[in-house]
Amino acid sequence: MKPSHKLLFVLCPMLVLGFIYYSSGKLHLHIWGQKPQLEADIALTVGQIVGSVYDKQGFLLKLDGQLPAELAYKYGNLSEGVCKPGYAAAKMTAIYPKFMKPAPMFLDRNFRRLAKVCNYLPPFGFKTQERIIDRILTATKNYGLGEDLDSHGCKRCIIVGNGGILANKSLGSRIDDYNIVVRLNDAPVTGFSKDVGTKTTMRITYPEGAIQKPERYEKDSLFVFSAFKPLDFKWLRQMVFKEKLRGTQGFWKSVAHYVPREPTEMRILNPYFIQEAAFQFIGLPLNNGLMGKGNIPTLGTVAITMALHNCDEVAVAGFGYDMNMPHAPLHYYETVKMSAIKESWTHNISKEKEFLRKLVKANVITDLTNGI
Ligand SMILES: CC(=O)N[C@H]1[C@H]([C@H](O)[C@H](O)CO)O[C@](OP(=O)(O)OC[C@H]2O[C@@H](n3ccc(N)nc3=O)[C@H](O)[C@@H]2O)(C(=O)O)C[C@@H]1O
Ligand SMILES: CC(=O)N[C@@H]1[C@@H](O)[C@H](O[C@@H]2O[C@H](CO)[C@H](O)[C@H](O)[C@H]2O)[C@@H](CO)O[C@H]1O
């Protein structure tokens with residue numbers, strides 16, 4: 001080997017070793033277990049940014065009705081009134097990145113696979129009620145909205161709350177324009193159609209909230225059951241199988257004895273919407289996963305949560321508990337006063353309103369009566 005070659009032979013490995021040593025410093029190949037200063041700094045900054053951009057629930061702190069650039073590209077050019085596919089979920093994700101759209105509206109025969117609800121008792125899940133649900137679902141046979149609506153490309157939904165604010169606004173025909181009109185509990189349509197419309201796609205309720213007079217049930221609408229306690233499922237079984245109602249002492253008020261709907265027109269609402277509204281969106285106390293003081297969302301908010309997962313656009317009307325107007329009517333159909341809601345120990349009206357305000361402010365939902 002020539003002396004020049006020998007020199008190269010020694011120099012090359014030295015150069016390589018030197019390069020590795022130098023770049024390890026630059027690349028922060030630090031001793032295992034020790035955080036290099038720069039990384040620690042970055043983590044702190046990110047923490048500060050995260051801390052100041054999102055609130056405790058995980059919603060963006062700075063909310064406005066503007067479309068983020070990527071959504072402006074997708075929806076910006078659609079003309080007014082045209083249904084925007086995926087709009088509500090996209091806007092929700094923009095202000096609440098944890099949002100995961102898939103969540104079926106109703107329980108079907110595979111309900112046991114719904115991981116988020118199988119370990120909670122009602123109202124946050126269906127634990128202990130699996131067998132009775134199986135029996136009920138065998139009879140209802142249908143688990144969707146029906147052929148027409150299920151195959152509908154883009155769904156515009158409206159949740160009609162029962163608030164007094166709906167009275168004398170003549171919103172009936174605007175409400176009827178939506179593909180899916182959701183009504184709650186025993187709020188009437190007949191006699192109020194100028195203000196609340198005529199269409200009812202589904203009525204969501206529980207035993208104490210259900211319409212009691214058989215003649216007041218609307219035809220062509222789904223009876224959607226939302227359970228709050230184990231006894232509620234027993235009641236539903238009796239309604240589905242048209243059995244004589246027995247064992248009514250566990251209800252907190254009188255309940256319907258008969259629901260004039262075919263089993264095929266009945267559905268069980270996925271309890272995930274109660275759970276998600278309570279613990280994720282509003283931030284109500286977990287109370288070991290049990291119903292407790294102030295940890296139950298109102299049914300209207302549960303319905304909005306369902307719609308965020310299952311509708312392309314979501315509107316609401318008739319929402320608003322206004323504590324500054326204690327004498328205003330609580331409902332559009334009776335004279336009970338707003339102050340009556342203070343007696344409810346199950347809800348946290350002010351925390352719930354904070355959540356609903358976020359949805360309205362960010363244009364995730366449209367509030368036709370501006371009561372939120
Ligand atoms: C005494 C009592 O418990 N009242 C509850 C009544 C009662 O059980 C039913 O009317 C059946 O009689 O039901 C509730 O609700 P309620 O049936 O009154 O109304 C349905 C939903 O509309 C929204 N709402 C109502 C009135 C108002 N001024 N502002 C509103 O925003 C709410 O989202 C509400 O959920 C319920 O189930 O949630 C909530 C009420 O707390
Ligand atoms: C365990 C039990 O039955 N608790 C009852 C609550 O469900 C009920 O709240 C009511 O529960 C309903 C579900 O059953 C709705 O969520 C409604 O908005 C809410 O006001 C209150 C009414 O004052 O009475 C308790 O004894």
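Whatever order the structure lists ligands and atoms in, that order sets their numbers, starting from 1. Residue indices begin at 1 and follow the sequence shown. Because the structure is a prediction, the values reported are computed rather than measured.
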Give yes if a backbone or side-chain nitrogen or oxygen of Ser344 is under 3.5 Å from a nitrogen or oxygen of ligand 2, and no if not. no
For the backbone of Arg156 and the side chain of Asp312, can you confirm whether one donor and one acceptor N or O come within less than 3.5 Å of each other? no
Numbered atoms and elements of ligand 1 in range of His331, under 4.0 angstrom, heavy atoms: 16 (P), 18 (O)
What's the shortest distance from atom 12 (O) of ligand 1 to any protein heavy atom, and which residue and atom give it? Lys253 NZ, 2.9 Å
Which of the numbered atoms in ligand 2 are under 4.0 angstrom from any heavy atom belonging to Glu208? 14 (O)
Out of Thr190, Thr200, Thr201, which residue meets the side chain to side chain donor-acceptor pair (under 3.5 Å) rule with Glu218? Thr200
Is there any N or O on Leu184 that sits under 3.5 Å from an N or O of ligand 1? no
Closest heavy-atom pair and its distance - Lys169, Asp195: N-OD1, 3.2 Å
Under-4.0 Å heavy-atom contact with ligand 2, by part of Phe251 that carries it: neither
If you measure from each non-hydrogen atom of Thr298 to ligand 1, which part falls under 4.0 Å: side chain, backbone, both or neither? both
Please report which non-hydrogen protein atom sits nearest to atom 4 (N) of ligand 2, along with the residue it belongs to and the distance in Å to one decimal place. Trp345 CZ2, 3.9 Å
Without hydrogens or angle criteria, can the side chains of Glu276 and His309 be said to hold a donor-acceptor pair below 3.5 Å? yes
Does an N or O from Trp252, backbone or side chain, lie closer than 3.5 Å to an N or O of ligand 2? yes
Identify the closest protein heavy atom to atom 35 (O) of ligand 1: which residue and atom is it, and at what distance? Gly300 N, 2.9 Å
Is Asp177 salt-bridged to Lys199, going by a charged N under 4.0 Å from an acidic O? no
Protein residue, atom and distance nearest to atom 18 (O) of ligand 2, heavy-atom basis: His347 NE2, 2.6 Å
Just which atoms of ligand 2 are under 4.0 Å from any heavy atom in Thr346? 6 (C), 9 (O), 19 (C), 20 (O)
Nitrogen or oxygen of Asp186 less than 3.5 angstrom from that of ligand 1: no
Identity and separation of the nearest protein heavy atom to atom 38 (O) of ligand 1: Leu299 N, 2.8 Å
Please check atom 4 (N) of ligand 1 for a protein heavy-atom neighbour under 4.0 Å. no
Which residue and non-hydrogen atom of the protein lie closest to atom 20 (C) of ligand 1, and at what distance in Å? Asn162 ND2, 3.4 Å
Is Lys253 touching ligand 2 with its side chain, its backbone, both, or neither, if touching means heavy atoms under 4.0 Å apart? neither
Just heavy atoms, cut-off under 4.0 Å: does Met291 contact ligand 2 by side chain, backbone, both, or neither? side chain
If we number the atoms of ligand 1 from 1 as shown, the ones under 4.0 Å from a heavy atom of Ile341 are 41 (O)
Under 3.5 Å, is there a donor on one side chain and an acceptor on the other for Thr264 and Lys141? no
Pick from Gly209, Gly163, Ser254: the one approaching atom 26 (C) of ligand 1 most closely through a non-hydrogen atom: Gly163
Looking only at heavy atoms, is any part of Ile165 under 4.0 Å from ligand 1, and if so is it the side chain, the backbone, or both, or is it neither? neither
Taking only non-hydrogen atoms of Gly161 and a 4.0 Å limit, the atoms of ligand 1 in range are 22 (O)
Ala103 backbone acceptor or donor facing Asn310 side chain under 3.5 Å: yes
Looking only at protein heavy atoms, what sits closest to atom 15 (O) of ligand 1 is Asn185 ND2, 3.8 Å
Please write down residue, atom name and distance for the protein heavy atom closest to atom 8 (O) of ligand 1. Tyr206 OH, 2.6 Å
To which of Phe319, Trp345, Trp252, Tyr321 does the heavy atom nearest atom 34 (C) of ligand 1 belong? Tyr321
Going by atom types only, do Ser221 and Arg261 share a side-chain donor-acceptor pair under 3.5 Å? yes
Ignoring hydrogens, what is the shortest heavy-atom contact between Phe124 and Asn295? Give both atom names and the distance. CZ-O, 3.7 Å
How long is the gap from CD1 on Ile365 to CG on Leu308, to the nearest 0.5 Å? 7.5 Å
Within the side chain of Gln57, is there an N or O that forms a donor-acceptor pair under 3.5 Å with the backbone of Asp55? no
Residue pair Gly58 / Tyr96: nearest heavy atoms and the distance that separates them: O-CD1, 3.5 Å
Atoms of ligand 2 under 4.0 Å from any heavy atom of Lys229, numbered from 1 in the order shown, are 3 (O)
Shortest non-hydrogen contact between Arg357 and Ile372, atoms and distance: NH1-O, 2.7 Å
Can you list the ligand 2 atoms lying under 4.0 Å from a non-hydrogen atom of Tyr206? 12 (C), 13 (C), 14 (O), 15 (C), 17 (C), 18 (O)
Could you tell me whether the side chain of Tyr333 and the main chain of Phe192 form a donor-acceptor pair under 3.5 Å? no
In this structure, atom 31 (O) of ligand 1 is nearest to the protein heavy atom Gly320 N, 2.9 Å
Report yes or no: does a heavy atom of Glu343 sit under 4.0 Å from some atom of ligand 1? no
Say whether, by atom type as modelled, one donor and one acceptor occur between the side chain of Lys293 and the main chain of Thr346 under 3.5 angstrom. no
Are Glu208 and Lys229 close enough for a salt bridge, meaning some N to O gap below 4.0 Å? yes
What is the closest protein heavy atom to atom 39 (C) of ligand 1, and at what distance does it sit? His347 NE2, 3.9 Å
Closest approach of Phe319 and Gly161, non-hydrogen atoms and distance? CE1-N, 3.5 Å
